[in-house]
Amino acid sequence: MNIELLCTDTLEQAVRKLNEETADLNLKIHKMACEEALGFICARDVIAGENVPPFRRSTVDGYAVIAADSYGSGDSNPAFYQVIGHVNIEEPARMAVRTGEAVQVQTGSMVPDGATAVLMVEYTELYAAGKMIGYKAVSDGENVIQPGEDITIGECLISKGRKINAGDIGMMAALGISEIEVYVPPAVTILSTGDELADMDEPLTGSKIRDINSYALAAEAKGMGMTVRRRLRVGDNEAEIFQAVSRAAEDSDIILLSGGSSKGNKDYTKKVLENFTGNVFTHGIAMKPGKPTILAYDRKYRTVIAGLPGHPMAAMLMFRLVIVRWYWEKIGRQTRPPYRARISENVSSNQGRETCLPVKLIPDSEGFTAKPIYAKSGSIAALSRADGYVRIPRNREGLNKGEPVWVEVF
């Protein structure tokens, strides 16, 4: 029996160790044009330096009036107004409205001083030069947007850790903010190890299998806001793996090694990482699937290195649960809130290890039912069919049918 793999960390312990090891690691930040920032992660709170709108603004075409002058008016009892001028969109309102007066405005025009509402043009009629009648009562503030009602000076528009969307770019444009500080996406190198691996376009011979992990992990990394520097396949050769890790560390923020993290005759990941970094702080996480996960940090190149299991489902889950979680905590990004659901059937678990159970969410009259998707660690189809996963604590024997669960969605 291998005593070393019995000395595993819990998931929380492993993540805490990774945070402690990288406490002084500051992720790269750069400034970029706001129109190019779509999809990047905001690195500094963006604060409004002015009000939007900066003045009282009409939301309709019509007449700026004193609302009290319109009270009681209707189709059979119109209100009468003296039109004293008009305000175009591009000009300031230089007149003031007094009782019985109206100023013609357009959508977007400045509302003159004294006016408290705008009467839509559809409810008005000019019956003589400078004479208008209104057929509708309006209330104070109707069809008028106040200064700062949309955006208030000093308001945090985009918080640190937020993924920038099209609306954010529109807000920055409204405020004349042309640049924003964002996190540089971390560069990731993915090394898929194993003599048995073939690329997707290679014929399978003997006991060869196609390389799943490098493609799946690359896609997952991109989806999580990272940049994939390279994907490599490396044989079960200690020197080759060491050389690949050494080269990758020079220009990568994160290295993912898939396979070779257990204790077989050809499992070299731990030895390579010990020799290269001298800082392997986790070897084994009490999680099913994903137990033979290795974590290391190279202080020279400031590179986080994870030895992930060779089984596709285990590799994908541990990447998400450890590396993605660490990265998102570093940048202050909020994870998606879990869905509340009920488990569809009795589920057994592995006491002593936390279990990650892939599930499919099925809408029902009470919300959602979580239907387990059973598969071994070597399955990739299970993750493709799953909407998320349920984490079963290590001290539980399982879940009972109908029991409420939290589903962390992909």
Side-chain angles (χ1 to χ4, degrees), residues 15 17-47 156-173 175-191 214-232 244-258 273 276-277 279 295-308 316 318-336 410:
V15 173
K17 286 182 178 181
L18 180 54
N19 285 328
E20 290 171 351
E21 291 290 335
T22 60
D24 62 347
L25 173 63
N26 295 317
L27 299 180
K28 302 181 187 74
I29 294 172
H30 74 156
K31 191 175 288 187
M32 68 188 311
C34 72
E35 65 265 28
E36 298 173 359
L38 183 67
F40 284 81
I41 306 301
C42 178
R44 300 265 192 272
D45 288 349
V46 177
I47 306 299
C156 181
L157 302 177
I158 310 171
S159 58
K160 174 185 174 182
R162 178 185 172 95
K163 186 176 182 180
I164 298 166
N165 60 35
D168 297 328
I169 293 172
M171 282 197 301
M172 288 188 286
L175 288 161
I177 299 172
S178 60
E179 292 183 322
I180 182 172
E181 289 185 276
V182 299
Y183 284 105
V184 177
V188 182
T189 287
I190 299 166
L191 305 177
S214 69
Y215 288 97
L217 287 170
E220 184 78 346
K222 291 176 183 176
M224 295 298 148
M226 303 175 183
T227 298
V228 176
R229 182 78 71 196
R230 64 181 66 81
R231 289 186 308 102
L232 296 174
V245 170
S246 301
R247 289 178 176 174
E250 295 177 3
D251 63 0
S252 301
D253 302 298
I254 299 169
I255 300 174
L256 305 176
L257 287 92
S258 169
L273 297 187
F276 181 70
T277 70
N279 188 28
L295 299 176
Y297 179 59
D298 182 72
R299 294 189 176 91
K300 177 182 177 182
Y301 292 106
R302 306 175 76 78
T303 302
V304 171
I305 309 177
L308 301 174
M316 294 283 283
M318 296 314 294
F319 171 60
R320 178 182 284 266
L321 289 171
V322 178
I323 302 301
V324 172
R325 175 177 166 182
W326 163 81
Y327 170 56
W328 282 17
E329 287 180 4
K330 270 284 188 185
I331 63 177
R333 185 174 177 187
Q334 298 296 312
T335 58
R336 294 178 64 182
F410 291 132

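You'll find the side chain of Lys160 stays beyond 4.5 Å of the side chain of Arg44, heavy atoms only. Side chains of Ile323 and Leu256 form a contact here, defined as non-hydrogen atoms less than 4.5 Å apart. Residues Ile180 and Ile164 meet the side-chain proximity criterion, which asks for heavy atoms closer than 4.5 Å. Two residues are said to be in side-chain contact when any heavy atoms from C-beta on lie closer than 4.5 Å; Tyr215 and Arg231 meet this criterion. Annotation: side chain of Phe40 is in contact with side chain of Pro185 (closest heavy-atom distance under 4.5 Å). Two residues are said to be in side-chain contact when any heavy atoms from C-beta on lie closer than 4.5 Å; Met172 and Ile158 meet this criterion.
Annotation: Glu20, atom CD; neighbour count of heavy atoms from other residues, nucleotides and ligands within 6.0 Å is above 12. For Arg247, the CZ atom sits in a loose shell: 12 or fewer heavy atoms of surrounding residues, nucleotides or ligands are nearer than 6.0 Å. Within 6.0 Å of NZ in Lys163 there are 12 or fewer heavy atoms belonging to other residues, nucleotides or ligands.
With rounding to the nearest 0.5 Å, the separation of CH2 in Trp328 from CD1 in Ile41 is 8.0 Å. To the nearest 0.5 Å, the span separating CD1 on Ile305 from CG on Leu257 amounts to 7.5 Å. Note that CE of Met32 and CD of Glu35 are 9.0 Å apart. Values are rounded to the nearest 0.5 Å. Note: Ile47 CD1 to Leu157 CG = 7.0 Å, rounded to the nearest 0.5 Å. Note that CD1 of Ile255 and CZ of Phe276 are 6.5 Å apart. Values are rounded to the nearest 0.5 Å. Atom OG of Ser252 and atom OH of Tyr301 lie 11.5 Å apart (nearest 0.5 Å).
Between Lys17 and Glu21 no salt bridge is recorded (no basic side-chain N to carboxylate O distance below 4.0 Å). Salt bridge Lys28/Asp253: present, at least one basic N to carboxylate O contact under 4.0 Å. Note on Lys31 versus Glu181: no salt bridge recorded, every NZ/NE/NH1/NH2 to OD/OE distance being 4.0 Å or above.
In this structure, Arg336 contributes its side chain and Phe410 its backbone to a donor-acceptor pair below 3.5 Å. Of the possible donor and acceptor atoms, none in the side chain of Asp45 sits under 3.5 Å from a partner among the backbone N and O of Cys156. The backbone N or O of Thr277 lies less than 3.5 Å from no partner atom in the side chain of Arg299, so there is not a single donor-acceptor pair. Side-chain N or O atoms of Ser258 include none that pairs as donor or acceptor with a backbone N or O of Leu308 at under 3.5 Å. With hydrogens and angles ignored, the 3.5 Å screen pairs a side-chain donor or acceptor of Lys330 with a backbone N or O of Thr22.
Side-chain contact check for Thr189 and Arg230: at least one donor-acceptor pair (N or O, by modelled atom type) lies under 3.5 Å.
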